[in-house]
There are 2 protein chains.
Amino acid sequence: MSVNQREIGRHTLLSEIRRQQPIARINLSERTGISRATVTTITAELLKEGLIEEVASAPSDKDARRGRPTVDLKIRGEAHLIAGAKISNLAISLVLMDFEGKQVAEHELALDKTVFDTDALAIVLGDSLAALTGKIGRHVTDVSGFGLGIAGIVDASQGFVHWSPSLDRRNVELARLLEQHLSIPVFVDNDANLVAIAEQAFGRGQGYSDFIVVTIESGVGMGIVIGNELYRGTRGCGAEFGHTKVHLDGALCRCGQRGCLEAYVADYALLREANIAGSADGAPQVEALLEDARRGDPVAKSIADRAGRMFAMGLANLVNIFDPELIILAGAQMQSSHLYAEEVIEAIRGSIVQIDKAPPEVVIHKWGNTMWALGAAAYALDNVSERALAGMAAHA
Amino acid sequence: MSVNQREIGRHTLLSEIRRQQPIARINLSERTGISRATVTTITAELLKEGLIEEVASAPSDKDARRGRPTVDLKIRGEAHLIAGAKISNLAISLVLMDFEGKQVAEHELALDKTVFDTDALAIVLGDSLAALTGKIGRHVTDVSGFGLGIAGIVDASQGFVHWSPSLDRRNVELARLLEQHLSIPVFVDNDANLVAIAEQAFGRGQGYSDFIVVTIESGVGMGIVIGNELYRGTRGCGAEFGHTKVHLDGALCRCGQRGCLEAYVADYALLREANIAGSADGAPQVEALLEDARRGDPVAKSIADRAGRMFAMGLANLVNIFDPELIILAGAQMQSSHLYAEEVIEAIRGSIVQIDKAPPEVVIHKWGNTMWALGAAAYALDNVSERALAGMAAHA
DNA sequence: GCATTAAATTTGAAAATCAAATTAAATTGA
DNA sequence: TCAATTTAATTTGATTTTCAAATTTAATGC
């Protein structure tokens with residue numbers, strides 16, 4: 001067997017500590033089914049390796065309890081420094097976190113262009129990482145892993161970008177290129193996937209094994225978590241929720257096809273219908289349109305309503321296909337509020353197959369710009385964790 | 001750890017033998033990464049238990065090879081007898097297979113009604129099983145596992161039927177009830193899931209880890225296989241492809257909602273549009289309508305065409321969401337040929353997100369009535385296998 | 001300060017894996 | 001025909017790993 005038993009044990013315990021920390025050895029033994037003796041042995045290894053640390057148990061536990069007190073274990077934050085970044089339209093946002101997942105710094109950078117060649121991108125990212133790490137007096141080479149989120153079609157396992165709106169050419173071995181330039185391990189994934197990872201690790205997806213995250217920015221994205229694992233599809237282009245068809249021969253989409261959901265709910269679609277020519281940043285115009293709708297302007301209201309109903313229909317289809325525990329509507333922008341309205345969620349409930357059991361939860365999660373970068377960092381954190389454990393076996 | 005290492009080894013080897021049989025020990029060692037020594041030990045156990053058997057290697061391998069010849073291993077068919085059944089509208093079809101998965105008998109039974117109370121169903125199934133096993137001179141109690149496919153909302157892990165069109169009441173512990181009546185282990189699942197299992201085990205899904213099966217009978221069903229595992233959703237009601245919405249406020253569906261795919265492609269939908277009152281079995285009328293369409297009748301053609309385009313749109317959405325390797329369009333009935341047409345498949349290709357990689361394969365698999373029952377048996381086979389291995393640990 | 005309690009560790013036995021050595025069963029060639 | 005060769009399968013013995021039970025540790029209660 002390629003993965004030996006001890007490695008499985010180490011992985012199980014480290015994951016459990018991460019999820020439940022702080023937690024005592026005896027509780028780890030109960031939760032994982034690994035004997036106390038083995039928990040002692042393995043946690044000793046992890047302590048020696050510096051991946052976890054002992055902390056005094058919370059006083060609330062200690063009070064009025066006889067016997068030897070428990071000693072809690074937790075992830076040792078200082079074990080590794082992890083960076084994450086998201087390339088947006090005209091900006092890069094970065095976060096730095098410790099091995100515990102605590103954010104320790106962030107950085108934002110405006111870009112002067114939307115499309116980069118890889119060398120220029122590497123330089124920009126290198127400079128940004130230097131600035132980011134500099135904020136806490138550290139250096140880029142102190143970073144154990146760097147996660148990068150980028151729009152487009154990405155093969156995450158290879159760090160290979162088939163196509164991205166942010167790159168000037170196709171089929172780039174982006175992770176390898178950046179690793180050469182930055183001299184630290186780099187992990188690349190599609191940005192929508194990273195939001196799903198962020199929700200799983202830090203957000204509303206905590207504790208759920210099967211859920212869907214739908215993101216609304218300029219386009220409509222989606223991430224799928226099945227059995228606690230991100231599902232990426234077989235060609236790396238699944239989860240194109242924005243391009244599911246909601247109308248036969250419907251409205252024309254940016255992608256050239258007709259009837260895509262995006263062609264009904266995206267900014268440009270709303271402006272087009274209202275007969276307003278969109279500019280580079282149409283956000284204020286969209287905001288105005290939606291404000292009109294709220295005030296009762298019949299044309300604006302009709303446009304916003306239809307977008308909401310189309311959106312609900314798309315989401316109901318997701319539920320009918322996947323039957324997830326939870327749907328998270330995630331986004332940073334406020335202008336999509338018409339899609340987050342109670343009527344929309346009600347419409348979803350009315351469009352799914354009815355059974356005795358309760359329908360899936362739908363929650364709205366509005367967050368700041370760093371969420372994307374946090375997801376990228378969480379992805380890197382997973383990978384760094386994995387490598388740290390694999391490394392232990394080697395020099396054991 | 002609750003599952004010990006030896007059990008994992010046994011499971012790995014038995015599965016590998018099932019997939020690759022006949023196969024020699026040395027090849028098992030290479031494929032699984034388990035050492036030759038351990039393969040010898042574990043296969044000896046499996047041989048002793050009677051789950052596998054040795055067979056002479058194929059002569060083609062033997063020719064012109066020096067050294068000690070390999071001894072192939074294969075599943076021992078006589079180890080267990082497995083039954084599977086599918087309850088259709090007015091019939092039950094059953095198959096009997098050996099532990100190798102080879103069909104050894106089949107039986108078909110017409111029903112005089114579509115809805116049963118559980119006691120009556122148990123009696124009918126008991127009689128059918130007796131007739132089925134009688135065909136090869138065996139008895140019901142010789143059967144190690146009985147898989148049953150039934151339409152509706154089923155919690156397969158509990159053998160619990162939330163609702164089924166074939167049962168006169170909701171919330172039935174069907175597996176437990178049938179086990180009491182038949183005195184053999186019973187496993188129940190939704191019929192669409194079972195087709196996916198059948199395709200995986202015996203059909204076009206062999207060798208694929210991520211694929212979708214769409215079935216067309218009176219309704220439209222779907223089964224999803226992700227990572228070699230059937231995905232059942234969290235409430236047991238996922239994969240309701242027939243009730244995904246393809247039109248906002250569209251045609252009225254049997255389920256009471258509007259715009260469901262089924263309301264455009266099912267038999268009753270076609271007849272309704274053609275303004276023909278449907279009877280209990282509308283198949284001949286549908287057949288006539290489609291024949292008219294083929295002959296060029298404009299009304300009939302328009303109806304059939306729209307059904308095909310709606311169907312393509314629904315399938316394209318599946319691809320955009322899942323990005324599977326393969327889509328299998330499976331069905332027994334010929335009257336759905338307009339949905340299997342080349343134009344439909346072309347329309348799917350035109351509606352999915354375009355990337356450099358090839359789109360997923362779409363294959364059409366027309367099969368006889370036993371496919372459902374075969375899937376039920378395959379599901380039972382999985383479970384019996386599992387139990388046989390678990391049993392070994394107990395009395396080892 | 002001694003009994004009690006409960007966590008953590010240590011100990012020693014049992015289980016399981018694997019590399020290396022051995023045995024088994026064939027072919028090749030003299 | 002029989003030794004040499006080749007390759008599969010098994011056996012052997014060392015090593016790893018786990019776990020139950022015994023022991024130790026560190027607290028509270030009286």
Side-chain angles (χ1 to χ4, degrees), chain A residues 1-13 17 20 22-48 52-73 389 392-396, chain B residues 1-13 17 20 22-48 52-73 389 392-396:
Chain A
M1 213 143 286
S2 56
V3 177
N4 64 31
Q5 190 128 6
R6 177 51 62 95
E7 224 163 310
I8 297 174
R10 278 196 283 253
H11 196 274
T12 308
L13 288 176
I17 294 171
Q20 305 290 339
I23 181 172
R25 281 171 249 255
I26 190 160
N27 300 320
L28 282 172
S29 172
E30 280 162 12
R31 287 179 158 276
T32 60
I34 297 171
S35 74
R36 293 176 184 193
T38 306
V39 168
T40 293
T41 315
I42 292 180
T43 52
E45 282 179 11
L46 295 174
L47 279 165
K48 193 172 158 208
I52 61 174
E53 61 190 353
E54 293 189 334
V55 289
S57 291
S60 62
D61 288 353
K62 237 193 296 193
D63 284 344
R65 296 187 67 229
R66 302 171 58 133
R68 180 174 174 172
T70 58
V71 179
D72 279 349
L73 299 170
L389 288 175
M392 286 177 67
H395 63 73
Chain B
M1 212 143 286
S2 56
V3 177
N4 65 30
Q5 190 130 6
R6 176 51 62 94
E7 224 163 310
I8 297 173
R10 278 196 282 252
H11 196 274
T12 309
L13 288 177
I17 293 171
Q20 305 289 339
I23 181 172
R25 280 171 250 255
I26 190 162
N27 300 319
L28 283 173
S29 171
E30 280 163 11
R31 287 180 158 276
T32 61
I34 297 172
S35 74
R36 294 175 185 193
T38 307
V39 169
T40 292
T41 315
I42 292 180
T43 53
E45 283 179 11
L46 295 174
L47 279 166
K48 192 172 158 208
I52 61 173
E53 60 190 352
E54 294 189 333
V55 289
S57 291
S60 61
D61 288 353
K62 238 193 293 191
D63 284 344
R65 296 187 68 229
R66 302 171 59 133
R68 179 174 174 171
T70 58
V71 179
D72 280 348
L73 299 170
L389 288 174
M392 287 177 67
H395 63 73

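All figures in this text were calculated on a predicted structure; none of them were measured in a lab. A note on names: the letters A, B, ... follow the listed sequences, proteins ahead of strands, and every chain is numbered from 1.
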For atom [atom1] of [X] and atom [atom2] of [N], their distance in whole Å:
X      : N      : atom1 : atom2 : answer
A:M392 : D:dT17 : CE    : P     : 11 Å
B:L46  : D:dA9  : CG    : P     : 15 Å
A:E45  : D:dT17 : CD    : P     : 8 Å
B:L13  : C:dC18 : CG    : P     : 11 Å
A:I26  : D:dA26 : CD1   : C1'   : 14 Å
A:E54  : D:dT25 : CD    : P     : 15 Å
A:I42  : C:dT9  : CD1   : C1'   : 15 Å
A:D72  : C:dA6  : CG    : C1'   : 15 Å

Please name the pair of heavy atoms, one in [X] and one in [Y], separated by the smallest distance, quoted to 0.1 Å.
X     : Y     : value
A:I17 : A:L73 : CG2-O, 4.0 Å
A:V55 : A:P22 : CG2-CB, 4.2 Å
B:E53 : B:L47 : CA-CD2, 3.6 Å

Heavy-atom side-chain proximity of [X] to [Y] below 4.5 angstrom:
X     : Y      : value
A:L28 : A:I34  : no
B:L46 : B:L389 : yes
A:N27 : A:E30  : yes
A:T43 : A:E54  : no

Residues forming a side-chain contact (heavy atoms from CB on, under 4.5 Å) with A:A37, sequence neighbours excluded: A:S35

Considering only side-chain heavy atoms of [X], which listed nucleotide, [options], is closest?
X     : options                : value
A:I34 : D:dA9, C:dC18, D:dC19  : D:dC19
B:R6  : C:dT17, C:dA8, D:dT11  : C:dT17
A:A24 : C:dA8, C:dC18, D:dT28  : C:dA8
B:P69 : C:dA16, C:dA25, C:dT9  : C:dA25
B:S35 : C:dC18, C:dA16, D:dA26 : C:dC18
A:T38 : D:dT18, C:dT17, D:dA8  : D:dT18

Contact under 4.0 Å: B:N4 side-chain N or O vs C:dA16 OP1/OP2: yes

First of A:A37 and A:G67 reached from the 5' end of DNA chain D, by closest nucleotide: A:A37

Polar side-chain contact B:R66-C:dT28 base: donor and acceptor under 3.5 Å: no

Distances under 3.5 Å between protein N/O atoms and the N/O atoms of nucleotides 22-24 of chain D, please, pair by pair.
none

Sugar-phosphate only, base, or nothing, as touched by A:V71 at under 4.0 Å among non-hydrogen atoms: sugar-phosphate

